[in-house]
Amino acid sequence: MIDSEKKYHEELIALKNEFEEFVYIVSHDIKTPMRAISNITTWIEEDLGTHVDNGVLDNFKLLKNRVERLEKMMNALLELSRVNRTEMELYEVNIPKLVADCIETIDNKLEVEFHLSYNLINENAILLGKKLQKVLYNLLDNAVRFHDKEKKNVFVEISEEETQYVIKVSDDGPGIPEDVKEKIFSIFYTVNSKDVVDSTGAGLAISTKIIKMVGGVLTYQPTINNGSLFKFNWPK
């Protein structure tokens, strides 16, 4: 690399680090006044007692809901800014168990049937376990959270190749409209209104950054039955 290219590369890295530090500081410092707003709202509600108009109570509920959502979005922004700096431990992972642990932590899965398929030379692998767990959890949570049917099917398929793992998470849900499929990897973007489906809209952005960090690529495509298929490779 010639000197000018090296200089530009170093400046780019410095700007990127500075931007991530700025995002971390802003999102961290905003959390304190947000908690104060939530606490003050609760105190005012308690001071008003039981003889309060239902409309006022509804507005308090709406205000606390919005503060809670904002706090979750700040936490997601913090997490995104720290993807390259936290939970970077390499350790031995049993891949089927990792998937089972992710499924165990998913909410509202009573009406979900998980279909698991493995084609592994060795079930155990040395990798960034917490990072892979985060990506799998985000994709599984999205598959369940945004599903629109009473009976839901979610599929996980993991294949081991010579230099990488190929991982697919799909479902038979509503899929992603063609005109917004490029937006779904943007931070805080959700296809449905956040008032319809409770979500920060940060999971895919965080997952994309993690996968890019390890040298993989995350892609989306519709399935034959109009559901969603997310596929990524995880280099060994």
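The figures here come from the full heavy-atom set of this structure, side chains too, leaving out hydrogens, waters and symmetry mates. What you are looking at is a predicted structure, and each value in this text was computed from that prediction instead of being measured. Each residue takes its place number in the sequence, starting with 1.
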Here the gap from S207 atom OG to F232 atom CZ, rounded to the nearest 0.5 Å, amounts to 8.0 Å
Would K151 and E111 pass as an ion pair if we require N to O under 4.0 Å? yes
Nearest heavy-atom approach of I211 to N233 is CG2-O, 4.0 Å
Paired with P96, the side-chain contact (heavy atoms from CB on, under 4.5 Å) test is passed by just one of I158, L120, N124, namely L120
Distance col, row S199:OG vs D141:CG, nearest 0.5 angstrom, shows 7.5 Å
4.5 Å side-chain heavy-atom contact, Q133 and C102 | yes
### Query
More than 12 heavy atoms of other residues, nucleotides or ligands under 6.0 Å from CG of N39: is that the case?
yes
Next on the checklist: So V99 and I103, do their side chains get closer than 4.5 Å, heavy atoms only?
Outcome noted: yes
When rounded to the nearest 0.5 Å, the distance separating CD1 of I106 from OH of Y137 is 5.0 Å
*Okay, side chain of N138, backbone of G203: is any donor-acceptor separation there less than 3.5 Å?*
yes
All heavy atoms of T190 vs all of G201, minimum pair found to be CG2-CA, 3.5 Å
Residues L132, Y165; criterion side chain to side chain contact (heavy atoms under 4.5 Å, CB included); working and verdict
CA-CA 11 Å; L132 180 57; Y165 297 92; over 6 Å; no
Indicate if L63 and V52 have the same hydrophobic cluster label, given that clusters are the connected sets of ILVMFWY residues with side-chain heavy-atom separations under 4.5 angstrom. no
Between A125 and I95 the two heavy atoms that sit nearest each other are CB-CD1, 4.2 Å
- Should we say atom NZ of K109 is surrounded by more than 12 heavy atoms from elsewhere, each under 6.0 Å from it? yes
So the salt bridge (Lys or Arg N to Asp or Glu O under 4.0 Å) pairs with at least one residue in residues 40-63 (sequence neighbours excluded) are E45-K64
Correct closest heavy-atom pair for E161 and V166 would be OE2-CG2, 3.5 Å
E150 meets the salt bridge (Lys or Arg N to Asp or Glu O under 4.0 Å) criterion, sequence neighbours left out, with none
Using a distance-only test with no angle check, is there a side-chain donor-acceptor pair under 3.5 angstrom linking H115 and N153? yes
Applying ring-ring contact (aromatic ring centres under 6.0 Å, His included) to F146 and not counting sequence neighbours gives none
May I ask you to say whether E160 pairs ionically with K236, meaning some side-chain N is under 4.0 Å from a carboxylate O? yes
Exercise. Look at E79 together with R82 and state whether they make a salt bridge at an N to O cut-off of under 4.0 Å.
Key: no
CZ (F185) and NZ (K212) are apart, to the nearest 0.5 Å, by 13.0 Å
*Should the heavy atoms of other residues, nucleotides or ligands under 6.0 Å from CD1 of I224 be counted, would the total exceed 12?*
no
Cluster link Y118 to I126, ILVMFWY, side chain under 4.5 Å:
yes
- Within a radius of less than 6.0 Å around CD of E92, do more than 12 heavy atoms belonging to other residues, nucleotides or ligands occur? yes
side-chain contact (heavy atoms from CB on, under 4.5 Å) test vs I206 passes for just one of I210, T208, L204, namely I210
Query raised in the report: Below 4.0 angstrom, N of the basic side chain to O of the carboxylate: do K72 and D198 qualify?
Result: yes
- Just by distance, with hydrogens left out, do T223 and N225 show a side-chain donor and acceptor under 3.5 Å apart? yes
Check your understanding: Within a strict 4.5 Å, meaning less than it, do heavy atoms of the K131 and M213 side chains meet?
Key -> yes
d(K152 NZ, R145 CZ) to nearest 0.5 Å is 12.0 Å
- Query: Judged by modelled atom types alone, do K31 and N75 share a side-chain donor-acceptor pair under 3.5 Å?
  - Reply: yes
Rounding to 0.5 Å, atoms CG (L127) and CD (E89) come to a distance of 12.5 Å
Scanning both residues in full, the closest heavy-atom pair of T200 with A76 reads OG1-CB, 4.4 Å
So do F60 and T42 actually touch side chain to side chain, heavy atoms under 4.5 Å? no
Note: S228 and I176 closest approach over all heavy atoms is OG-CG1, 3.8 Å
Joint cluster assignment, W43 & M34, ILVMFWY side-chain distance < 4.5 Å: no
